[in-house]
Amino acid sequence: MAAEAPILDEFRRLRARVPQLTGALAAGVDGLVIAHDTPGVEPDGLAALTAAALGVAVRMTDATGRGDLRELLVRGTDGYVATYAAGRTAVLTLLATDRVNVGRLHLEGRRAGARIGELVDAEALPARRSPARSSAKEPAKPMPTRTKTARSARTTANARTTNES
């Protein structure tokens, strides 16, 4: 993967800004490793666990109406595991000690996730285009027109209240 070297450079800069980081991993949402710097942690297993946790977190945000997943933070007795969205198809997972400033971790993790997302998305974009397709944009489909319909008047005579049984 051509984006691996720039992602590893981003990991090095991230560790310089947040010294309490002990590992970083960029993975696809499918659980495949894109790049890693995770001493003492097996990257394939971490990527698979990240994908599983991501699946649960996405379902949780959907079920509660909280929108698209942006980040996931897990705190253990010895530190943190933070996962950030990184573009359309990747995630950034950071490992940090329990002494990390969580606000700083979020600030730097979000920024790094955005940069890594740009790298991964830029690499994925040419692979999606096929030579048979025209580069011209198709015209946008018009939005369906909404019309108002008259409603019948409500009557309150038969309405039940919470006091009635």
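- Side-chain atoms of Arg75 and Tyr80 include a donor-acceptor pair closer than 3.5 Å.
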> salt bridge (charged side-chain N to carboxylate O under 4.0 Å, His left out) between Glu118 and Arg115: does it pass, once the steps are laid out?
Replying inline: CA-CA 5 Å; Glu118 290 172 2; Arg115 285 190 289 274; over 6 Å; no
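- For Gln20, the side chain to side chain donor-acceptor pair (under 3.5 Å) test picks out no residue, with sequence neighbours left out.
- Side-chain contact annotation: Thr93 with Thr50, donor-acceptor N/O pair under 3.5 Å present.
- Judged purely by atom type and a 3.5 angstrom limit, Arg15 uses its side chain to pair as donor or acceptor with the backbone of Thr22.
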> Can you check side-chain contact (heavy atoms from CB on, under 4.5 Å) on Asp37 and Leu21, steps first, answer last?
Replying inline: CA-CA 10 Å; Asp37 177 14; Leu21 282 184; over 6 Å; no
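- Taking the charged nitrogens against the carboxylate oxygens, Arg88 and Glu123 have no contact shorter than 4.0 Å, which rules out a salt bridge.
- Partner Tyr84 forms a side chain to side chain donor-acceptor pair (under 3.5 Å) with one of His106, Arg111, Arg70, Arg110 and no other, that one being His106.
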Donor-acceptor list for residues 59-67 side chains, cut-off 3.5 Å, not counting sequence neighbours:
from	atom 1	to	atom 2	distance (Å)
Thr61	OG1	Ala57	O	3.4
Thr61	OG1	Val58	O	2.9
Thr61	OG1	Gly67	O	3.3
Thr64	OG1	Met60	O	2.8
Thr64	OG1	Thr61	O	3.4

>> Under the criterion side-chain contact (heavy atoms from CB on, under 4.5 Å), I'd like the reasoning laid out for Leu46 against Glu42: C-alpha separation, chi angles, the key distance, then a yes or no.
In response: CA-CA 6 Å; Leu46 180 58; Glu42 200 274 314; over 6 Å; no
> Run the side-chain contact (heavy atoms from CB on, under 4.5 Å) check on Leu54 and Leu69 step by step: do they pass?
Replying inline: CA-CA 8 Å; Leu54 184 66; Leu69 177 75; 3.0 Å; yes
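- Although no hydrogens or angles enter the test, the distance criterion places no donor-acceptor pair under 3.5 Å between the side chain of Asp78 and the main chain of Asp98.
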